[in-house]
Protein chains: 4
Amino acid sequence: MPVNTPDEFAAGLGLTPTEAARRTQIIDATTEVVADEGYDRASFARIVARAGLSSTRMISYHFAGKAELMTATLTALADEHDRFVAERVPSTGDRAESLRWSIEAEIAFLAERFRQSRALTEIARHARDGDGARLGGALLHDLRVGRLERQLHQGRQEGVFGTFDVKVMALAIRQAIDGVCDRLADEPGLDPRTYAAELTRLFARATSAP
Amino acid sequence: MPVNTPDEFAAGLGLTPTEAARRTQIIDATTEVVADEGYDRASFARIVARAGLSSTRMISYHFAGKAELMTATLTALADEHDRFVAERVPSTGDRAESLRWSIEAEIAFLAERFRQSRALTEIARHARDGDGARLGGALLHDLRVGRLERQLHQGRQEGVFGTFDVKVMALAIRQAIDGVCDRLADEPGLDPRTYAAELTRLFARATSAP
Amino acid sequence: MPVNTPDEFAAGLGLTPTEAARRTQIIDATTEVVADEGYDRASFARIVARAGLSSTRMISYHFAGKAELMTATLTALADEHDRFVAERVPSTGDRAESLRWSIEAEIAFLAERFRQSRALTEIARHARDGDGARLGGALLHDLRVGRLERQLHQGRQEGVFGTFDVKVMALAIRQAIDGVCDRLADEPGLDPRTYAAELTRLFARATSAP
Amino acid sequence: MPVNTPDEFAAGLGLTPTEAARRTQIIDATTEVVADEGYDRASFARIVARAGLSSTRMISYHFAGKAELMTATLTALADEHDRFVAERVPSTGDRAESLRWSIEAEIAFLAERFRQSRALTEIARHARDGDGARLGGALLHDLRVGRLERQLHQGRQEGVFGTFDVKVMALAIRQAIDGVCDRLADEPGLDPRTYAAELTRLFARATSAP
DNA sequence: AATGAATGAGAGTTCATTCAT
DNA sequence: CATGAATGAACTCTCATTCAT
């Protein structure tokens, strides 16, 4: 099946190529600042400094506001994350095996795209709109654990797993991986592969049929 | 054994009763604001409004700065949390049993002291000093997972558990519980007991001897 | 030789005409406030009130901070001072004569541009950055006595002066003139011409060949 | 003639010994802070920290306000300065000789009591009351140059000096010495004796009979 | 498609001082 | 003689956003 080029994709959203490029540039800078300095410090001023833009006006011009900027960044990061993981998890075969591949892929994403991981969890945790309401809500939750839930659900139907609540298990897996992301941020020397192996075994046991 | 009265405890830190009371009042208001509106919105102005104080000067008078206020609040919340959990986990008996009790107690804390839970995770995740460095670091990590690590370590030595990395398992448990806290914040209708039961089983299996 | 227009000069520094005009406006107001009320009382609030601006935000927008504002003001005043003096001191002729002209010019600057003089000495004496370190240091010292030092140095080489340490003599002259500035501030009725005549004679004798 | 003990002196002003001691302690701390950090940064908070007092209330209790504290500190420093200089200048003998001794003594004061010198000039230059009016005014001026003026006046009457305006000459001497104080603050390595020798010669020539 | 210019609101912090005992 | 407790005002600086071209 034919794949859209970035330009075609952008045009589909009503964006000119220039606009799309600028948005990408700003989103990338936002990702870096959020990852390196934390969500709270990711002000327009710091983002334009990182992107090498002339004024914060550039952001306001391309995004309706801070909430939209963060939503767009979050979406872009989630897309990148999903593509990364999907590439590494075979769509065929045993679901129990798939879960192992998923956890490995998640940890690989942490290791190879650390900044993106960091920014993703930071924004998911902190982002609120002007009134203090959390962005995303149920939508955001699905963005982060939906894939795992569906995977577990299928596995349970296929009988390769034991008895457990799919939602809770998916949440636990997601949180465990995010926790590893925090650990790597605090102590950069740690080896991600250790976590991959341990978490794989942990959740293999937790989900195993009796 | 004789227990210190609050006043005696305060005096031990060089605080007068009045001072200790004010600090408590401010810490409680900070807890509420952080829990209800999030860390970012917990400005001095909102805290004094909640506490019914006359001006933000009152906070500056009793705490050296925002970082100290947040550290003090975090410490108070961690103390309360630890006491709550310790009261509900028998110090004798099977370690595997203890782990179940611990998870139940953690979820009970979420349910019965939701604001404190919320504030605790918010501050632990967000708090940074003026330069953007995360408060606590390794110390903070130990504050949150240390108890679990020690519990798991003893159980492994006693042979009641299977083979796993204690640090990773403790992290996964802590994160799973924090994730439940997030879920309850997003959808207040959820029943904590479901999570308690599911997580208890999940980690019982994950830690079980083969 | 062609002289840059102010706009061209501003453009050379990367400033638009509007920006340059605003900076000048703010610098002028700063000069007035510092001269009339002293360095300590020269807050952003008083400066915007004097300049007729809408808010202190205007200053923050055009200057990186208070230190930069003061540095810019000091530089502008020093430039004006140097131009004023240079216009009144013939570059040819006897160095001993030049020294007399310099002292006369300095006193004339005091008399004719009293506020600028006052602001210049105030800022030079008080200005510190956020950490309490004095602005300028050696650079500032050169800004204030460098011209005199060079003048005395040349005169000594030409043999029109007696024996003395150039640095000390330059410092004494500079300080004597600044002292006159203080006197005029305390008692506005005093006649600058008296000081000009007296100081001219004083330093003529002090520097004269035996 | 009998000399008052400090206690008797204090009692003469209506102060108990305890009060006098506290005032001295506070004045000394003020001197240190002003000398080390500058007048602007000499807040009550920094002074009590330096003096090891419990709260700023202690200052307010012993002094009517900041203006009185600074006046008292200035007076104490001026007294110490005058005593120091008087001890080193013979009251008999040639006035021209006396002037040389005075300058030497002034520089010695700079060198041996640097903090006191620094604080003295800082307060003399900066101190203003709440309305921005300079403290002291004419009184302060006399405090600083009065001794020199009287010395020069007598010398002129005795015919040992040439023709000059006493007030201007006194001002020039005072300012030259204060300028040396500034230099020593900026570059601590400088040798005060050089300045003593140079200034002695400078003003010997400037005041000499033709 | 981009930019220059400006802005009101709010942030945390520090200031000297005063009211109680 | 001393202290604890509290306070209103002012400070500089940063925030996201908007009005003009």
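Per chain, numbering begins at 1; letters A, B, ... match sequence-line order.
The side-chain hydrogen bond (donor to acceptor under 3.5 Å, both in side chains) search around A/Arg118 returns A/Asp182, not counting sequence neighbours. Evaluation of the side-chain hydrogen bond (donor to acceptor under 3.5 Å, both in side chains) rule for B/Gln116 yields B/Glu80 as partners, not counting sequence neighbours. The side chain to side chain contact (heavy atoms under 4.5 Å, CB included) search around C/Thr18 returns C/Thr16, not counting sequence neighbours. Partners of D/Thr75 according to the side chain to side chain contact (heavy atoms under 4.5 Å, CB included) rule, which considers only residues two or more places apart in sequence or in another chain, are D/Thr71, D/Asp79. With sequence neighbours excluded, no residue forms a ring-ring contact (aromatic ring centres under 6.0 Å, His included) with C/His62. Under the side chain to side chain contact (heavy atoms under 4.5 Å, CB included) criterion, D/Ala119 pairs with D/Thr31, D/Val34, D/Ala35, D/Leu77, sequence neighbours left out.
Of the residues in residues 43-55 of chain A, A/Ser43, A/Phe44, A/Ala45, A/Arg46 come within less than 4.0 Å of DNA chain F through at least one heavy atom, sorted by number. At a non-hydrogen distance threshold of 4.0 Å, B/Arg57, B/Met58, B/Tyr61, B/His62 from residues 56-66 of chain B come into contact with DNA chain F.
Atoms CG (C/Asp40) and C1' (E/dT14) sit 15 Å apart, rounded to a whole Å.
Atom OG1 of C/Thr73 and atom CD1 of C/Ile27 lie 5.0 Å apart (nearest 0.5 Å). Here CG of C/Asp40 is found 4.0 Å from CG of D/Asp40. Values are rounded to the nearest 0.5 Å. Going from atom CD1 of D/Ile47 over to atom OG1 of D/Thr56 covers 10.0 Å, rounded to the nearest 0.5 Å.
An end-to-end axis angle of 30° holds for the helix from E/dA2-F/dT21 to E/dT21-F/dA2, taken from five base pairs per end and rounded to 10°.
Screening residues 47-60 of chain B for salt bridge (charged side-chain N to carboxylate O under 4.0 Å, His left out) gives B/Glu32-B/Arg50, B/Asp36-B/Arg50, B/Glu37-B/Arg50 as the qualifying pairs, with residues at least two apart or on separate chains. Residue pairs meeting the salt bridge (charged side-chain N to carboxylate O under 4.0 Å, His left out) criterion with at least one partner in residues 21-31 of chain A, sequence neighbours excluded, are A/Arg23-A/Glu68.
The span of DNA chain F lying next to chain A, judged by atoms under 4.0 Å from heavy atoms, is bounded 5' to 3' by F/dC15 to F/dA20.
The backbone N or O of D/Gly38 sits nowhere less than 3.5 Å from a side-chain atom of D/Glu122 that would complete a donor-acceptor pair.
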